[in-house]
S.K.: 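Before we start, here is the structure in question, set down as structure tokens.
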Amino acid sequence: MSQSRLSVARHRKFQKAMSRFPRQPLIHLPTPLQKMSRLTARLGGPDTWMKREDLTGLAFGGNKSRKMEYILADILGQKADTVITWASLQSNWCLQLSTAARMFGLEPILVLFKTYDSPAEPDGNLLLDRLLGAEVRFQEAERGKSVSLEKGLSHLEAVAKEVRKKGRRPYLVPVGGSFPAGSMKVPLGALAYAQAMAELAERLGVKIGAVVHATGSGGTQAGLIVGARALGLEVKIIGISVSNEKTSFGRLVLDICRRTEEALGLGTFVKPEDVVVLDEYLGQGYGIVDRAVAGALSEVFRAEGVVLDPIYTAKAMAGLQDLALKGFFPPGEAVVFFHTGGTPALFPNRLRLLEMI
Ligand SMILES: *Cc1c(COP(=O)(O)O)cnc(C)c1O
């Protein structure tokens with residue numbers, strides 16, 4: 001039965017299922033939950049809150065650092081000494097993985113696809129990767145197309161072969177850390193977000209009508225959906241797509257949901273209609289800063305003193321504002337926006353942001 005309040009019995013069962021997955025503490029939990037009174041007033045409702053996943057305390061924070069607690073525990077459990085992943089040039093995921101790896105004496109190797117964001121100037125996350133001494137290997141990719149799982153994994157395998165020849169033990173993990181592939185056998189990143197849903201429900205005493213967040217590789221969304229349904233909460237999880245068309249991407253999110261439910265072992269609760277992906281805020285595509293993005297970023301900074309990022313969270317915020325103005329959210333129910341981090345991307349995008357403001 002769906003409900004707006006957390007049931008003690010369900011919560012206990014959920015926490016028991018989660019406790020089977022080892023977690024390496026890395027971040028400050030719970031992340032703050034902030035009431036956005038000024039933003040709420042500007043929008044004329046709904047009651048809007050922000051879950052500050054940007055304030056995890058690991059490097060510049062973000063949703064990848066919450067995922068990293070479970071992923072790092074798995075890496076350490078497998079006794080790896082090297083971690084290999086791929087992503088785009090200014091990836092938040094790569095910075096978070098490299099940071100966590102370095103803290104435990106592991107070598108990070110990053111395969112960075114110059115997909116959308118060139119030139120490769122040492123700015124933003126790329127600067128931070130360099131300061132950590134992560135080994136960076138560049139690959140060219142087609143503009144506007146994301147790198148497929150198969151292609152990404154084949155690059156990781158090639159690097160792993162080299163690394164193994166030197167007697168090292170590599171751990172291979174796909175971008176985003178949620179789709180089980182490479183050395184990661186369970187959707188650990190999504191499980192971390194199922195736990196984030198429980199953390200939110202424990203703390204927010206009002207009825208949550210909707211959660212809105214930027215969705216990119218699908219793990220955050222899948223985890224939030226599975227967490228909500230496993231806890232019996234009827235909250236709508238709305239993923240604002242920053243890179244993908246909704247139909248095929250929705251299928252991927254549902255696939256990760258199923259794998260996450262399977263890992264939890266509490267049953268199958270998620271219905272296909274629970275996966276809500278909106279792709280009308282994509283603008284010109286991944287990583288392209290337009291007026292809607294620059295406007296949302298600047299407005300939230302001025303109203304609330306919170307800095308969003310131009311690739312993910314400002315796009316999702318532009319979506320939330322548009323939905324609120326259209327009366328999409330039922331009155332009397334709270335809307336929680338997940339600030340998933342990504343702020344280092346402000347700086348490589350500085351000129352474009354100023355142009356668009
Ligand atoms: C990766 C990322 C997302 C999307 O999360 P997924 O789990 O990959 O869908 C959202 N916001 C920021 C800032 C990110 O770095």
S.K.: Which pairs pass side chain to side chain donor-acceptor pair (under 3.5 Å) with one or both residues in residues 39-48, sequence neighbours excluded?
M.R.: Lys35-Asp47, Arg42-Glu299, Asp47-Trp49
S.K.: Which pairs count as side chain to side chain donor-acceptor pair (under 3.5 Å) when at least one residue sits in residues 303-319, sequence neighbours excluded?
M.R.: Tyr286-Tyr312, Asp309-Thr313
S.K.: Using side-chain hydrogen bond (donor to acceptor under 3.5 Å, both in side chains) as the criterion, list what pairs up with Ser217, not counting sequence neighbours.
M.R.: none
S.K.: By side-chain hydrogen bond (donor to acceptor under 3.5 Å, both in side chains), which residues pair with Asp322, not counting sequence neighbours?
M.R.: Tyr281, Lys326
S.K.: Does Arg258 have any side-chain hydrogen bond (donor to acceptor under 3.5 Å, both in side chains) partners at least two apart in sequence or in another chain, and if so, which?
M.R.: Glu261
S.K.: Name all residues meeting the side-chain hydrogen bond (donor to acceptor under 3.5 Å, both in side chains) criterion together with Lys165; count only those two or more places apart in sequence or in a different chain, and write none if there are none.
M.R.: none
S.K.: Which side-chain N or O atoms in residues 331-342 pair as donor and acceptor under 3.5 Å with protein atoms at least two apart or in another chain?
M.R.:
residue: Glu333; atom: OE2; partner: Lys207; partner atom: NZ; Å: 3.4
residue: His339; atom: ND1; partner: Gly341; partner atom: N; Å: 3.1
residue: His339; atom: NE2; partner: Val307; partner atom: O; Å: 2.8

S.K.: What pairs meet the side chain to side chain donor-acceptor pair (under 3.5 Å) rule with one or both residues in residues 343-357, with sequence neighbours excluded?
M.R.: Asp123-Arg350
S.K.: For Arg251, enumerate each residue passing the salt bridge (Lys or Arg N to Asp or Glu O under 4.0 Å) test, keeping only those at least two apart in sequence or located in another chain.
M.R.: none
S.K.: Of all residues at least two apart in sequence or in a different chain, which pass the salt bridge (Lys or Arg N to Asp or Glu O under 4.0 Å) check with Glu199?
M.R.: Lys51, Arg66
S.K.: Which salt bridge (Lys or Arg N to Asp or Glu O under 4.0 Å) pairs, counting each pair once, include a residue from residues 262-286, with sequence neighbours left out?
M.R.: Arg229-Asp274
S.K.: What residue pairs, at least two apart or across chains, pass side chain to side chain donor-acceptor pair (under 3.5 Å) with a residue in residues 166-175?
M.R.: Asp74-Tyr171, Thr82-Arg168
